[in-house]
Every structure is written in C-alpha cells, then in structure tokens.
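In what follows, chains are A, B, ... by sequence order, proteins preceding strands, each numbered from 1. Worth knowing before you read on, the calculation uses all heavy atoms, side chains too, and leaves out hydrogens, waters and symmetry mates.
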Amino acid sequence: MVSTQKKADKTYKVIGTRPVRPDGLDKVTGRAKYGADIQLPGMLFGRVLRSPHAHAIIKKIDTSKALALPGVKSVITHKDLPTAADIALDLGETTSNMKWLCDKVLAAEKALFHGHAIAAVAAVDPHIAEDALALIDVEYEILEPVLSVHTAMDKKTPNIHPNMKTVDMIARFQAGEPSKVQINNVASILDLELGDLDAGFKEADIIIEREFETGTYHQGYIESHNGTAQWNENDEVTVWLSTQGHFNARDVLSKLLQVPMSKVKVIPMEIGGGFGGKIPMYMEPLAAIMSKQTGKPVKMHMQRDEVLLATGPTSATYIKVKVGAKNDGTIVAADAYLAYESGAYPGSPVGAGAASMFLPYNIANLRAHCLDVIVNKPHTAAYRAPGTPAAAFAIESIIDELAEKLEIDPITIRMHNAAEEGTRTSDGRLAPASLAVKELLEEAQATEHWNAELSDPSIGRGIAIGAWGNAGLESNAYASINSDGTINLNTGSVDIGGQRASLAMQLAETLGVDYDSIKPQVSDTDSIGYTAVTGGSRTTFASGIAVVEVGNKLKEQIIDRVATFWEIDASQVHYGDDGTLNGPEDKSIKFSGIGKILSRTGGTIQASATVKPNTQVATFGCHIVDVKVDEETGKVDILRSTALQDVGKAIHPAYVEGQIQGGILQGIGMALYEEYYYDDKGILKNASLLDYRMPTSYDVPFTETTLIEKPNPGHPFGVKGVGEVPIVPPLAAVANAIYNAVGVRPNILPVNPRRLSVLLKEKNKK
Amino acid sequence: MSKKIVISTDLNGDITEFIADERDSLLDALRERIGLTGVKEGCNNGNCGACAVLLDGILVNSCCVMAAEVDGGSVTTVEGIALENELHPVQQAFLNEAALQCGICTPGFLVAAKALLDTNPEPTEEEIRFWLAGNLCRCTGYDKIITAVQEASKSMQKK
C-alpha cells in the first residue's frame, strides 16, 4: 500500500508524527467504557414500542396490561412529555425544532414512519421490558404513506403535516418567511444564484442535462444508540450517552425536560461511531422521564433494527443538472434542481449539497433550486458531508460525460474549470482561502495509478473530485500543569476520530513538550464550557485553535513565574521550541523542572480558552478507482483505489489516512451496495446488517492515499478539517469507472447488479 | 417470569459460575450478568462480529449462542487474549498501526484475528480479508486493520 505525504515547508517536533492514541490501550483490552457498558445500582432497562405502519393516526394507546406485568415500573407515551414549545434548535450541522423533536421521540397524533416511537417501557429486566411491549394495545387508523419526493409534491397528495407552510430559506440554516410558492409537503425552498444563467447557456457549444437519483443510506456506526438517565429528588438529571455533542444534548434535554441547563449533567461515554448520525437524540429524554417516574436509573439501548428504522439516515435524492460548456471545455453555465427527502420532519441537507457541488469549479453562471421534502420515512440526519455525495455524483458524472464528448482528458477539463482565489461560489461569496483544487488535480495526474495501463477491456477507470467546508463553531479547552511538569488537558469535544491525540499533539507542539507528558480527556457538561458538536470536520481545527491558545497562555504564565524565580524581568526569559527556558548568565531550566518553580512561586497554573473561529475553509478530495464489471451478472469489483486530499496540515498522518480510507469505503458503499428497501406500504424490508449491505474487508483492496498539505491560514499549524470530504468523490468515481469499463452511465445509485444488468441489457438492445 | 439458570464455564482461564435468564444469549450474560463489557453488541443478529468470542477455541458470535450452551465449556473474550502483563501481538499491532478509530468493533476484530493467527500463522492478504469479512468496521475502511494483522503475524513469527 502506498501512502504519500506532500509536506508543507515547516517542520515540527510532534506534529506530523504518529503516536499511539491515548484511548488506544483501553480500546484493545475491552476496558473502554461505552454508553451501553454503564451499570448502576437498581438500574431499570427501557425499551420502545414502534409503529408497524408508515403513516397512521394513533387513535388509542392502552398501556394498562403492560403496567400490570410484574417487573414493569413505567410505561410512557407522548402525553408524559412536557408540553413542547415551537422553538428552533441549532444542532451544529443540522437544525430542528423542539415541537418536531418531541413528536419524534414519542409520536403525538400520528405515526409518521415505520418504526416511529409510540410508547416506552422501563422494567427490572430487559426480557420483561420486551414482554411488556407486546402488551401495549395501540389502535391505528392507517393512512396512505407518501414515499417519494415526486408523490409528496403532487397536488393530489395531502400534506403529511396539515398546517405546515413552505418557507423560503435565507441561508442554509436560516428559515425566512412563508414562500409565495406553496408546494405540498415541501418544508422549505432555497435558491442559490450567481451570474446570468440564460446568457451563460447562450455561450455554450454543448449542453448536457441529466437526471440522477440516490437511495437512502445509513451512517452504519457499529454501536447502536444508547442512553442512561438518573433523575434525582432535587430535579437534577444525569445522562450517560453516546453522542457527538454532549452540550447540544444537554441543551436539548434542558428544553425538552424543562429543567435548567445547570441541572442537566451529560457525561459523554466513548462513542462507537457517529458520522453525523449521533447528533440527534432519540431515547435519552424517555430514559430521563421514566427515571423521574421511578426514582431509578434507566438504561436504554437500541436494537439494530431500531437503529435502521428510526434513526436518521441520509436523504434519498432526485437531482436534475444541466451544464453548458464551450468546445474548449470551459463550463459557462450550470443549473441544478435538487429535491431531497427530509423524512418525517423538515431539515434535509439539500442546501449543503447544492452549495458544495459547484465549489471545486469556477462557473460564472449558476443556479441551484433546492427543495426540502417531507415523506413518511425516518427523519434524516447528518451523514459525513451531509447532502454532498449525491450532489457531487450528479455534477461529476456530467463533467465526465462532457470530457468524453469534447474529447478532453477528465483531469484536464477539471483543471481548466478549477476554482481558485477570487472565484465566486454559487451563493455569490468569494471562494474560501487557500483552496487547492489545482494542486489536487496535479497530484492526481502524477499518480502511478492514473498512469498505469488497464490490463483488461472489462476493467474501467474513473475519477471524481469533491468539496466540503469545515465548520468553525464554539470550542472550549483548559489545561493545568502539575507539580511534576505533566499536563492535564480537558476539552469539550467528543473524541470520535482521534481528537484526544490530535489535540494533545497540538498542545505538546505549542509548549515544546513530549506528547506522552500530556493526558487529554473529554470533559462532561459540568466541567467545561459549551463546546459544539464533533462534526463538520471542525474538531482538530477549531478545538485545536483553542488548545494552542491555552498553550500560549500557559507559556506566558511560565515565563512570568520563571522570571520571578530568577529575579529578572520577564523579557529576559526565552522560551525555546523544545520547552527549555533560558535567561541571562546561563540560567536554564527544562520544562520537566518547571513544576518545582511553580510550587515556589504561587502554585501550579492553568489556562483556558474559548474560541469561535470564523475562518472556515473548504477541503477538496479526489478518488481514482479501477473496477471490473461482470457483464453477465452486473457485479462490480473494485480492483484499485487511490485517494488524494488537501489536508492543510496533517497533525497525525495515520489518523488522517484513516479518515480518508474510511470515508472512501462509505462512498463506495453508497455507489454499489447500500440502500433502504421500502415496500409500497412504507415498510422497511431490510432493517438488519445482513440485508443493509455495508462493505466488508473482502469487498475492497487497500486505498492508497496522498496527503497534500496546503496550510490553512486560519489555523496556527495550518489544519483543515479532513473527516468528511473523502466520502464525496467515490460515488461518481465508481460510476465513471463503470462507464469506462462497459459504456453505460449509472444514473441511479447504488448501482447494484440488478440496476446495472438493466442498463447493460438496454445497451445491448441498441 | 422466565426461569433463571446457573451456569459454570471456564471464562478466560478461570472457572466462573453465574446466574442467567434462560433467554439470555451468551452476549447478554457476559455483558449484563458478569460485567465483561469488552464484548460489544453491534447487531444482536450475527451480522457484525462485534461480539465475537472463542467458545471451546472456536470463533463464534456470542449473540447467536445461548448462555446455557456454555455450561461446562470454555469461553475466551477480548479481556482474556492478552498474555500475562503483555498485550497479545495483535492488540499491540492494532495500536501501532492505528487500526482503530471509534473502537467499538475492535474487540471482535481482535478475537477474530487471534483465532485466524492461531490456525494460520502466516495468512495472505486475501485470507485475512476473507476471514475478517464477518466483522464490520465503519470507520477505517479496513486498510489499517489488514495491515495490523499482517504486522501481528510477522511479529509472532519472530518469537
């Protein structure tokens, strides 16, 4: 396996090395504590009764038989929730509303999707809790389910939420006034526009317009959602859970349970994967309410079918894109129509997909018309570069076709249209700083993979690129120096992909100390200030800035203390890169000796920092893939895979490679294997990890990686968020490779053997 | 109420007696009755391998074995694969090669990889990929996991 790193100029002592993660030992020995590992005295086990129907009025719920079962301590329904207020919630990568959230955790009037939570039970034993579910009688009036964006928007289809109005979005996260155009089941409309579209298309020598669809994909984290709550007699609530944002969870719980934030303590346990799907909450409020009713801690842990049925997958999408280009390959206009399923409640990432799809390119005339469409499926959640893999699949497929028709090399045509400093994006803003599209394409062109001969006519090669911006948002960090010179580092960022290592490394570099002398940990909501979710590729970037600021504040204090100890002026103390302090007359002390000086000059020191960086940048990734297609069966095998990415500065290159390799494989899953299968009644037919087919180790080869380091001017070490963009290019890269192999262009993903066989049959008829 | 049963098994080298519900899977019993929470539940359906343990030396998904079945047998979990005061080479290789991210699938992969190396000390890449296809990982893309098993195999050959 090849792993290449195109290094930035500056060299560092700790940054760029590959130390073992601080949580590693506990994770390889089984000692690491995840949410479901919690055991508390007197703990009850909770379970949720879920709707067997996709769309139904809940006429009556009778819980009396369940309550009478020995061992059952609590049964709750929507009426046990505090009254929900109609307030908007900013969840970091997505938005929601308290009213919708309450209805999602326990359905009020209607079941809105197969698996919608109807009632919850807490019992002394998990088997008894399960038995009790069967004793709850629910009377439903079944309604026709709405299962596609096309049906949903049909004038004849009633609104799933009768009082919902279509609103105009002002920006991705900001809803405006009700729209002049009211479309059934459309929660919001967002229009992004740049230049003059008609004039642009008039300049075109060639226009290609194509339609695309992508399926519903689940994030597929191996750890199911879980949450344990203890409500005490002072109305203080403690919650242990698996979340990407414990402050977000605390704030939502506080509003939903109507308890002050200071009385809700959320303890983030180790998290077994999230990819955006562990930003929303599902069962934690139910555990809290049942704990309040019983006085006992209540643990809830979803079964896998519940995860697939009722937690947020991606939006299934319908996308139509028209692109006009000149004969020399210059793209002069692009017009996109994107309709994304948001599931049962508003809030799909359609705007993010639309904003990101054109980001790699300099196109003077652009429009993206985005529709957020309600259907009777689970409420969608963020999933790694939310909304963007589907949108990039569309534009990157068309660019591949343009390249072919204009007889231009697929990298050359992208290079010709690449965004650079000064390019305007689809919302009219200047392209983010230090964007590296050209550098990425140059490196791709130079790879051994791109230049290797294809050994067999049934093998095809495809390439695609993609973009995703990293979020800023709030981060808090503090650190204290112990009397032996070791350091405790606390941050509010959940560690989902190695942040404890990447943050400790940034502090070690700032202070000039060894990585091993720093013990990083994730603090609970009582122990540090508000920190936004681990998502949006923000943590190593934004929490990293906070940690560096903490390091600089510690350095200032150390210099002052050493000056006091040496009885000189602070300006005479030099803090060296290796953590050694020097003064006049050969005065010198290593960092390891600082503890003694601190204790003699007023005690140990600590520093904290709060940051909310606004210097977001975009990262760009590229995937090159070789596939072999079996024309008889339509089966596609991945033979070779190469990923390139601009990472700004790789703090821990092995973890950056891991993010890229993991993202690429999820993208391959979207391209070839994964999909929700609903029947015509809206019943999910493949709610298991056998039938929801995620890639295994046997499906793929190694993914070779190239890390390009074009530093981010908005971060002290040049970090760009790396976690999300790798999932973006593989969908189109695989589709383009299939075209290269067999001459058919997949326009519906996943292109499983069934779909590809149909395309191949159509081709052979011609 | 369902029946409770008393089970005696050799668990990670020590005879262990515990009380379980007759409906408990081995996974339920290990996690909820005994407290060996290193064994992870991913799907409870035999599809993901997170709960892999060795039962009488054979790799099984503990969610698909009834607790009652292990009476008189022997069970090895992730907590029992380390050598005395020293990690098993496959555990060390997972750390060195950055073969874990969130870590929830790691115990299952480690037990499965140990089982592979016990019977096939020098597996090819193809054999490793085939053997581990019963274990799902969603974070790593498997690259560094495969490399780690290759490294563990090499380090075990040296010993």
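- Counting heavy-atom pairs closer than 4.5 Å to chain B, the top residue among Asp26(A), Val700(A), Ile664(A) is Val700(A).
- With a 4.5 angstrom heavy-atom cutoff, Asp699(A) does not touch chain B via any of its atoms.
- Looking at Asn135(B), there are no atoms closer than 4.5 Å to chain A (heavy atoms on both sides), in backbone or side chain.
- Asp131(A) touches chain B through its side chain: at least one heavy atom from C-beta onward sits under 4.5 Å away, while N, CA, C and O do not.
- In Glu130(A), the CD atom is not crowded: 12 or fewer heavy atoms of neighbouring residues, nucleotides or ligands sit closer than 6.0 Å.
- Using a 4.5 Å cut-off between heavy atoms, Ile222(A) touches chain B through backbone and side chain atoms alike.
- Chain A forms the most heavy-atom pairs under 4.5 Å with one residue out of Cys137(B), Gly103(B), Gly38(B), Gly42(B), and that residue is Gly42(B).
- Both the backbone and the side chain of Leu25(A) come within less than 4.5 Å of a heavy atom of chain B.
- Chain B forms the most heavy-atom pairs under 4.5 Å with one residue out of Gly220(A), Gly273(A), Ser688(A), Gly498(A), and that residue is Gly220(A).
- Residue Ala32(A) touches chain B through its backbone alone, counting heavy-atom pairs closer than 4.5 Å.
- Most heavy-atom pairs under 4.5 Å with chain B: of the set Gln39(A), Arg31(A), Met302(A), His652(A), this distinction falls to Gln39(A).
- Both the backbone and the side chain of Pro695(A) come within contact range of chain B, judged by heavy atoms closer than 4.5 Å.
- Using the six-membered ring where Trp is involved, His218(A) and Tyr221(A) have ring planes that are perpendicular, over 60° apart on the 30 and 60° scheme.
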